[in-house]
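Heads up: the structure comes next, in C-alpha cells.
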Amino acid sequence: MADRNDKDVIDLLVAQHGQIKALLQQVHLTVGPVRQQAFDDLVRLLAVHECAEREVVHPASRQHAVSGEIVDRRLHEEQAAEQDLARLYDLGLGHPEFDSTFASFAEKVIEHVELEEKEELGELQLRASNDERVQLASVVRFAEALAPTRPHPEVGGSLAGTLLVGPPLVVFDRIRDAIGEWRRQSSNA
C-alpha cells in the first residue's frame with residue numbers, strides 16, 4: 001500500500017467521497033447515539049472536504065483548463081449543499097422534517113460526488129502531472145486541517161470571507177467538537 005503522502009488528490013478525494021457515502025448510509029439506517037455520531041462525523045467531513053475543494057481543488061482545476069462551466073456547476077451544488085447541511089444541523093435528528101430533508105440532501109450529495117469524479121476530477125487527472133496531483137493532495141490535507149468543521153453558509157463561500165471569518169470559526173468549531181466528544185465519552189463511562 002502506498003504511503004499516505006504518495007496519494008494524489010484524486011485518490012484522496014475519491015476515498016473521502018466513499019467515506020461520505022458510507023456516512024450518508026449510516027445516518028439513514030441507524031438510530032439513537034450511533035446515528036447522532038454518524039451525522040456529526042458527516043457534518044465534520046463535508047464541511048472540511050468542501051472547504052478544501054473550494055479553496056484548492058476547484059482553482060487547480062481551472063488552472064489546468066478544466067471547463068469553467070463544470071467547476072461553476074460543482075461550486076453551485078456545494079453552496080446549495082452547505083445551506084442544506086446547515087438547515088439539517090439546525091433541525092437536529094429529532095425534528096419531524098429531518099428524515100425527508102436528509103433523504104433529499106443525500107440524493108443531491110451522491111449525484112454531486114458522481115458528477116465531480118466523472119467530470120472535474122477525471123479531467124484534472126488527465127491534465128495535471130502525477131507530481132502536481134500528489135502536491136495538491138498535501139495542500140488539500142493542510143486546508144482541511146484549518147477548515148471549519150461546521151457549515152457556515154453566511155460566509156458566502158468566497159476566499160476573502162473564509163480568510164476573514166474562517167479562523168475564529170475554526171477555533172470555535174473545534175472547541176465545540178472537543179466539548180461534544182468529552183460529553184459523549186463522559187456519558188459512556
Side-chain angles (χ1 to χ4, degrees), residues 13-55 57-58 72-117 120 140 143-189:
L13 296 175
V14 168
Q16 288 179 353
H17 289 165
Q19 293 173 317
I20 289 165
K21 289 177 184 178
L23 286 167
L24 289 167
Q25 189 73 359
Q26 194 173 1
V27 171
H28 176 69
L29 295 175
T30 59
V31 296
V34 173
R35 186 178 197 206
Q36 184 65 56
Q37 183 63 53
F39 183 67
D40 291 346
D41 291 347
L42 177 65
V43 168
R44 203 172 299 118
L45 178 57
L46 281 172
V48 299
H49 175 85
E50 295 305 338
C51 182
E53 283 188 345
R54 181 176 60 243
E55 303 302 335
V57 178
H58 298 318
D72 289 344
R73 280 195 308 259
R74 297 301 79 83
L75 282 165
H76 177 73
E77 293 161 3
E78 289 164 5
Q79 289 169 346
E82 185 176 25
Q83 291 174 349
D84 292 346
L85 186 60
R87 181 169 187 267
L88 285 164
Y89 186 78
D90 290 342
L91 284 176
L93 295 170
H95 194 280
E97 293 178 26
F98 183 87
D99 288 336
S100 62
T101 304
F102 183 80
S104 173
F105 169 76
E107 284 178 26
K108 290 185 230 172
V109 168
I110 290 169
E111 180 181 7
H112 165 79
V113 161
E114 290 170 357
L115 287 170
E116 186 171 75
E117 288 178 8
E120 184 175 357
V140 164
E144 288 177 339
L146 300 176
T149 61
R150 301 276 184 286
H152 296 284
E154 67 278 2
V155 173
S158 72
L159 180 58
T162 301
L163 290 174
L164 182 63
V165 182
L169 290 176
V170 171
V171 171
F172 183 69
D173 286 352
R174 297 200 185 244
I175 289 169
R176 286 175 57 187
D177 292 345
I179 291 169
E181 184 61 28
W182 173 78
R183 285 184 178 151
R184 273 192 291 280
Q185 288 177 357
S186 295
S187 67
N188 291 337

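Note that this is a predicted model, so its numbers are computed, not measured.
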Open item on the list: Please find the pair of heavy atoms, one from Val57 and one from Leu13, that lie closest to each other, and give the distance.
Closed with: CG2-CD1, 3.7 Å

- [ ] Under the ring-ring contact (aromatic ring centres under 6.0 Å, His included) rule, collect the residues that match up with Phe105, sequence neighbours excluded.
- [x] none

TODO: Could you list the residues that satisfy salt bridge (charged side-chain N to carboxylate O under 4.0 Å, His left out) with Glu120, not counting sequence neighbours?
DONE: none

- [ ] Could you label the plane-to-plane angle of the Phe39 and Phe102 rings as parallel, tilted or perpendicular, counting under 30° as parallel and over 60° as perpendicular?
- [x] perpendicular

Open item on the list: Would you say that more than 12 heavy atoms from the other residues, nucleotides or ligands in this model lie under 6.0 Å from the NE2 of His95, or not?
Closed with: yes

Task: Salt bridge Lys108-Glu111, side-chain N to carboxylate O under 4.0 Å - done: no

Task: salt_bridge(Arg35, Asp99) N-O dist < 4.0 Å - done: yes

- [ ] Would you tell me whether Glu144 and Gln16 have side-chain atoms, one donor and one acceptor, within less than 3.5 Å of each other?
- [x] yes

- [ ] For Arg87, enumerate each residue passing the salt bridge (charged side-chain N to carboxylate O under 4.0 Å, His left out) test, keeping only those at least two apart in sequence or located in another chain.
- [x] Glu97

Open item on the list: Would you say Glu114 and His17 are linked by a side-chain donor-acceptor pair, where the criterion is simply a distance under 3.5 Å?
Closed with: no

Open item on the list: Just to verify, what does His112 make a ring-ring contact (aromatic ring centres under 6.0 Å, His included) with, not counting sequence neighbours?
Closed with: none

Open item on the list: Using side-chain heavy atoms (C-beta onward) and a distance below 4.5 Å, is Ile110 in contact with Leu24?
Closed with: yes

Task: For Lys21, all residues meeting side chain to side chain donor-acceptor pair (under 3.5 Å), sequence neighbours excluded - done: none

Task: Partners meeting ring-ring contact (aromatic ring centres under 6.0 Å, His included) with His58 (sequence neighbours left out) - done: none

Open item on the list: Nearest 0.5 angstrom please: Glu82 CD to Glu77 CD, how far?
Closed with: 14.0 Å

